Novice: 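Structure incoming, see below.
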Amino acid sequence: MNLPDFKIARSNNKIKYEKKEYKLNPKYLNKYKGKKCYLKTYGCQMNEHDSENIKGILELLGYTFTDNMEDADLVLLNTCSIRENAHNKAFGLLGRAKHIKETKKDLKIGLCGCMAQEEIVVNTIMTKCPFVNFIIGTHNFYDLPNILEKNEIEEKQEIEVFSREGDLIESMPIDRTSKYKAYVNIIYGCDKFCTYCIVPYTRGRQRSREKEDILKEINTLIKEGYKEVTLLGQNVNAYGKDLYDNYSLAELLEDVAKTKIPRIRFMTSHPWDFNDNMIKIIAKYKNIMPSIHLPVQSGSNRILKLMGRRYTKEEYLTLFHKMKEMIPNCTISTDIIVGFPGETDSDFNETLNLVKECKYDNAYTFIYSPRVGTPAAKLSDNVTKEEKEQRLYKLNEIVNTYFKENNNKLIGKIVPVLVEGISDKKNEYYGYSDTNKLVNFIGVDVEIGSIVDVIITDAKTWSLDGKVSK
Ligand code: 5AD
Ligand code: SF4
């Protein structure tokens, strides 16, 4: 048994990890042939991508997948810790699984992902959820075949969670959700330790993948017909800092652009690590999409300082405008937290003013959720729940008007769209533009997975309508 420990996760020791190639012990191959797994994924793209690896591993063991929990032999929850409601959803689903297990004694129930890394969650499961068979952490989830076997032999709750970062595993099996768009990890973990954020504890310290491994993966994806890669990391702009002296996200983006993959995206960016060279490279290559996610979190310098964000509103705005000037047609989206402990009306108004200046193309807005073990959770908070809800409502009203306003400007314009599927209506397709906008459009015999020019005929808050341009 290995239990999570936030003190270890926080400690500043230089981490030592090895790069290893994934190898499945042949004794596990098809061991569970005929068994079905219900895999539920919560949270961010990183978790979605981990689930693609989990699927790949379980398929080698012989599992198939079902959307119906009642049919499953294994219920596996890939969980998220970012806000309390993510916790609540996962515990709700565990309750459903428990109910099924009452009449299906052989059902195995497992939990992985960020919640597995939290002491408080693991303690709750150990004391209150004996029906959970195993918990496996973010640093060792690839060890699933071992934990499943151990669980059969020992018939007790298995908890294998490491607070120190594990090895960096290359060539993991994978079953990707899309045939055209692929996630590619470039950096794991985060060293920023923003005071509200649990990610550095659940995902560990910053560890970059070697550039050769990233480029090899992308070249394979090109051969397989992929049209778009999203370079993933909690803070992609810190790429390379732990590995190289003179190779950063800018150089990586340039090397990926030269592979000629039609579309490159990357997320998430921290303003602190975004430099001019990166902006120049994004502007230079047509296959790097002009769409950047640049979380601001707050427009108040006082709150930004309390959040430990390492930039001021003025510095953020300088970067924002530089991007808009240097990258043609660039759209910028953001994340904003309202109701951080002690946020006053005046702090909140500064956030609204910043939003009015930036007129974002998209914004993910949240009410602050205290995460046990993070520094912000210890701050006293005199903002009521009602006030926080009102602020969120007001903020959403304003950001939504800009989404619509920006979309309106595209009416009559031609935009390239990567076609992802057919909608329920006849001859109607959908896909995403270069600037990451959802486009529903009319066409005849359009090839899924191709990039087509679409003329925009109408704009909504969250999407655009159009037809294939002849
Ligand atoms: N409460 C609310 N929102 C949070 N985020 C991260 N931690 C918290 C928290 N404790 C938001 C941030 C981040 C996004 C992924 O989630 O805005 O950018
Ligand atoms: Fe969390 Fe992002 Fe800050 Fe890292 S940079 S601590 S992931 S909010």
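One-based numbering, in listed order, for ligands and for the atoms of each. Just the heavy atoms: all of them, side chains too, but no hydrogens, waters or symmetry mates, feed the values below. Values in this document were obtained by computation on a predicted structure and should not be read as measured data.
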Novice: For Tyr368, take its heavy atoms, then give the atoms of ligand 1 lying under 4.0 Å from any of them.
Specialist: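 That gives atoms 1 (N), 2 (C) of ligand 1.
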Novice: Using a strict 4.0 Å threshold on nitrogen-to-oxygen distance, state whether Asp242 and Arg205 make a salt bridge.
Specialist: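 So Asp242 does not pair with Arg205 through a salt bridge.
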Novice: At less than 4.0 angstrom from any non-hydrogen atom of Ile82, what atoms of ligand 1 do you find?
Specialist: 5 (N), 6 (C), 7 (N), 8 (C), 9 (C), 10 (N), 16 (O)
Novice: Determine, considering heavy atoms only, which of Ile198, Ile367, Thr195 sits nearest to atom 2 (C) of ligand 1.
Specialist: Ile367
Novice: Counting heavy atoms only, which part of Phe366 comes closer than 4.0 Å to ligand 1: side chain, backbone, both or neither?
Specialist: side chain
Novice: Taking the side chain as C-beta and beyond, is there a heavy-atom pair between Arg263 and Pro416 under 4.5 Å?
Specialist: yes
Novice: Considering the options Glu48, Glu59, Glu217, which one meets the salt bridge (charged side-chain N to carboxylate O under 4.0 Å, His left out) requirement together with Arg176?
Specialist: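 Per the salt bridge (charged side-chain N to carboxylate O under 4.0 Å, His left out) rule, the option paired with Arg176 is Glu217, out of Glu48, Glu59, Glu217.
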Novice: Could you tell me whether Ile337 approaches ligand 1 through its side chain, its backbone, both or neither, with non-hydrogen atoms closer than 4.0 Å?
Specialist: side chain
Novice: Just go through Gln297, Arg371, His270 and tell me whose heavy atom is the nearest to atom 12 (C) of ligand 1.
Specialist: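 Result: the heavy atom closest to atom 12 (C) of ligand 1 is in Gln297.
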Novice: Counting C-beta onward and ignoring hydrogens, is there a side-chain heavy-atom pair between Arg309 and Tyr316 closer than 4.5 Å?
Specialist: no
Novice: Less than 4.5 Å apart, any side-chain heavy atom of Ile288 and any of Ile281?
Specialist: yes
Novice: Can you list the atoms of ligand 1 that are under 4.0 Å from a heavy atom of Arg83?
Specialist: 1 (N), 2 (C), 3 (N), 4 (C), 5 (N), 11 (C), 16 (O)
Novice: At less than 4.0 angstrom from any non-hydrogen atom of Ser369, what atoms of ligand 1 do you find?
Specialist: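 Those of ligand 1 that fall under 4.0 Å from Ser369 are 1 (N), 2 (C), 9 (C), 10 (N).
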Novice: List the atom of Ala86, the atom of Cys80, and the distance in Å for their closest heavy-atom pair.
Specialist: CB-O, 3.5 Å
